[in-house]
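See structure below.
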Number of protein chains: 2
Amino acid sequence: MARDERRARGTRSAGRTSGEAGAPTGGIREVARAAGVSVATVSRVVNGTAVVRDETKRRVETEIARLRYAPHAAARSLITNRTSTVGVVLPDIWGEYFSEVIRGIDLAARQAGYHVLVSSSHSDAAETRDVLRAMNGRVDGVVVMAPHASPRALSSAMPAGLPSVFLNSAPGGADAPSLSVDNRGGARAMVAHLLALGHRRLALLNGPGSNRDAAERRRGAFDAARAAGLAAESVLEIQGDFAEESGRVAGEELLRRSPRPTALFAANDSMAIGALYALRRARAAIPADVAVAGFDDVPIARFASPPLSTVRHDIRSLGERALARLVAEIDGRGDGLPAREVLPFHLVLRYSTEGIDTETTTEPSRPPRAGAPTPEPTTDRRRKAR
Amino acid sequence: MARDERRARGTRSAGRTSGEAGAPTGGIREVARAAGVSVATVSRVVNGTAVVRDETKRRVETEIARLRYAPHAAARSLITNRTSTVGVVLPDIWGEYFSEVIRGIDLAARQAGYHVLVSSSHSDAAETRDVLRAMNGRVDGVVVMAPHASPRALSSAMPAGLPSVFLNSAPGGADAPSLSVDNRGGARAMVAHLLALGHRRLALLNGPGSNRDAAERRRGAFDAARAAGLAAESVLEIQGDFAEESGRVAGEELLRRSPRPTALFAANDSMAIGALYALRRARAAIPADVAVAGFDDVPIARFASPPLSTVRHDIRSLGERALARLVAEIDGRGDGLPAREVLPFHLVLRYSTEGIDTETTTEPSRPPRAGAPTPEPTTDRRRKAR
DNA sequence: TTTTCGCATGAAAACGGTTACAGAGCGATG
DNA sequence: CATCGCTCTGTAACCGTTTTCATGCGAAAA
């Protein structure tokens, strides 16, 4: 059946001068026959790997154009063992975040001469493994973001000898390099900002329990609380799931509390925006009654009402860096480089915590050394044009 | 050089019981040797293409797991002539629009058992051709969106015999099927809506001249104007480039005009939002002084101030349909299907034209027959919850 | 003239799978 | 006991390239 299909696609064309109509291979061989040269010569013309006499070359090029010949990538990579393609494995191609990661990867890949093979929406570890399997032989390496799977499980799911880079994975265990957003540092800085504004009754709106980013953001928030001398018990924790709706629910929940928290830090912007919605609906003044902050700086954060203070991390550059690192790995230049890289973040302070209508942004935090606590970035108030 | 790399990656392991350490092939052959069977048997176990004795199967599976063997996709697709991959060629993975298309494609692809190979940010026709070339042999078919290239040029750039589907390309010329958003119908309906509100002095904010979507939206707008008996000369046209900034500039321009237009239709939401910004800044009342409408219904349209009336077309389903069509093409079931499909749209009416704080949405317009003019959808005012 | 190059080209061996075909083993049937 | 049929497994051809190695040929060197 597959065989029949194949035959069906072969570009049939009778032999040239010699009348033999047999073997309509339809690939490089057909070009070779048409141009009256050997396949080796055609290959040399296509790749420019050796010098070919001018007239021969022209003849070959003519036939290539006429037959619309394009080399079969699979065959080529079988022998060269290079695909010029990198794989990207993501939980989803969902909304702002992931599409931005992909975009960063794609941009960098293009520049480095690689294609990008995406695979997304795999929910569990088994599916991730299958996807990684399927990538073997069609990519030179993979960028993997699997917030659920343990790095150990991930490493063992990796086909033997396939270069890889992990995104936002847990620190230890894996033997592949990994890049991360500074979840902990960002959350720490934002909560420190809230506390510096005088807030003492803090609410935390957490992300899904299984999500690593969420867990680290929570940890960062507690770092800051502890540093400011706040008892862990005095922090109200509400469970969310990163979706806007759960933020709305949490906003209502918060309002019902009798010593009502005066500041809410949500583990991502979607939830923060949901909470803003609920709070405004209940006529709570923001930030006078409740200050709200999020994480990610998604595009609509700026347009929320009121505009949302948040932690910006450059998602695109996360993708770009990941790709650069992967290419290094593929080229065998990866050994000298650090196994773990943490990307800087900015604090973006807007009306929802500041109560004034301009936007201030901190310097990008220098990437912290792995594990070392990040001191709060010194929030220098440069007014930004818009 | 390439050869050395290849050697370097081969999983080296000494032969088993028989002491011969030679030929560390590291693929299916190594598994076969380790399990004491032939490669054919291993292949059968991997693919389940034939029945294998239970005990043999177990032995093979053990070795596969132990050696972390994953079949080499390139080798496999060389013989089967199937890659289980579809290519997607886009101008960019830019923002809301394209990421949503990709998402639709990816979702559908996953379900149909295909991988997705993206290639983006190719700017000119030559680059598109190279990209398409490079896809040959690594995909079973391609979805191409190339708003700049002529369909004729595109067809001729296509490697011989590669199934393809075009997105938003010009109607004629190509022999591949194409899917489109109903740009003309959507614009026509929105402008008809503006005119129905009583506006007579209309401004059009056009997209970039080379862009086909932009041109069709413009045409649709003029359809509606003509139908309402408006002279073409009385319509103010302003040139934009789809970017928010150009909308801002256009807004200022509009304000300077002495018979000031009372309604602005922008060819996309970004520009509409830029215009809103400029108008509000100049203290123009919206929609009392100037009504504003856009196209696309990007997520922030709802959050703009005031919320923006716009034309929604389901971008994700554009991707999904495109993929479904491509798969049909790949499976050879494409011949009976229509060569051109136009997707329905909705009118989403918000404050920026209506002046009231709720949102109404029309029924999805039935997909028009190719070329036939779309009558304005009957705007039934069902209030939507949110 | 013969030898020695260098250049342009061709023949054939890989690459790692899949699969048509043949064959071995073995119980059932005539 | 010979034959058949069934189940399982192995051998080898093939997919479309790249690349090594050999070769023919004309010009330069001896």
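FYI, side chains are in, hydrogens and waters are out, and symmetry mates aren't considered; it's all heavy atoms of this structure. Numbers restart at 1 for each chain; the letters A, B, ... are given by sequence-line order, proteins then strands.
The side chain of A:Ala75 approaches D:dT17 more closely than any other nucleotide in the set C:dG17, C:dT19, D:dT17. You'll find that the side chain of B:His72 is closest to C:dG17, out of C:dT19, C:dG17, D:dT18.
Per the geometry, CG belonging to A:Asn136 stands 16 Å off P belonging to C:dC15, to the nearest Å. In this structure, B:Leu67 atom CG and C:dG16 atom P are separated by 15 Å, rounded to whole Å. Between A:Arg138 atom CZ and C:dG16 atom P the separation is 17 Å, expressed in whole Å. One interatomic measurement links the two molecules: CG of A:Asn81 to P of C:dG16, which rounds to 7 Å at whole-angstrom precision. Put simply, CZ on A:Arg82 is 16 Å from P on C:dG16, counting in whole angstrom units. The interatomic distance linking A:Ile79 (CD1) with C:dA14 (C1') rounds to 5 Å, in whole Å. Atom C1' of nucleotide D:dT11 and atom CD1 of B:Ile28 are separated by 14 Å, given to the nearest angstrom. We find that CG of B:Leu78 is positioned 14 Å from P of D:dC14, with the value rounded to whole Å.
Classification of A:Arg325 and A:Glu341 as a salt-bridged pair fails, no side-chain N sitting under 4.0 Å from a carboxylate O.
Over its length, the helix from C:dT1-D:dA30 to C:dG30-D:dC1 turns its helix axis by 70°, as judged from the five terminal pairs at each end, rounded to 10°.
A side-chain N or O of B:Ser178 and one of B:Arg340 form a donor-acceptor pair less than 3.5 Å apart. Using modelled atom types and a 3.5 Å distance limit, the side chains of B:Arg76 and B:Asn47 yield a donor-acceptor pair.
Panel note: side chain A:Thr85, backbone A:Thr83; a donor-acceptor pair is recorded below 3.5 Å. A donor-acceptor pair is defined here as one N or O able to donate and one able to accept, closer than 3.5 Å; such a pair exists between the side chain of A:Ser77 and the backbone of A:Ala73.
Between A:Arg316 and A:Val101 the shortest side-chain heavy-atom distance does not fall below 4.5 Å. In this structure, the side chains of B:Val144 and B:Leu167 stay at 4.5 Å or more apart for every pair of heavy atoms. Side-chain atoms of A:Val37 and A:Val42, non-hydrogen and from C-beta on, do get closer than 4.5 Å to each other.
Residue-to-nucleotide contacts include a donor-acceptor pair under 3.5 Å from the side chain of B:Arg29 to the base of C:dG17.
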Got a list of protein N/O to nucleotides 7-10 of chain D N/O distances below 3.5 Å?
residue	atom	partner	partner atom	Å
D:dT9	OP1	B:Thr56	OG1	2.4
D:dT9	OP2	B:Arg53	N	2.9
D:dG10	OP2	B:Ser38	N	2.8
D:dG10	OP2	B:Ser38	OG	3.1
D:dG10	OP2	B:Thr41	OG1	2.8
D:dG10	N7	B:Arg44	NH2	2.8
D:dG10	O6	B:Arg44	NH1	3.4

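Distance check: A:Arg110 CZ to A:Leu323 CG gives 13.0 Å after rounding to the nearest 0.5 Å.
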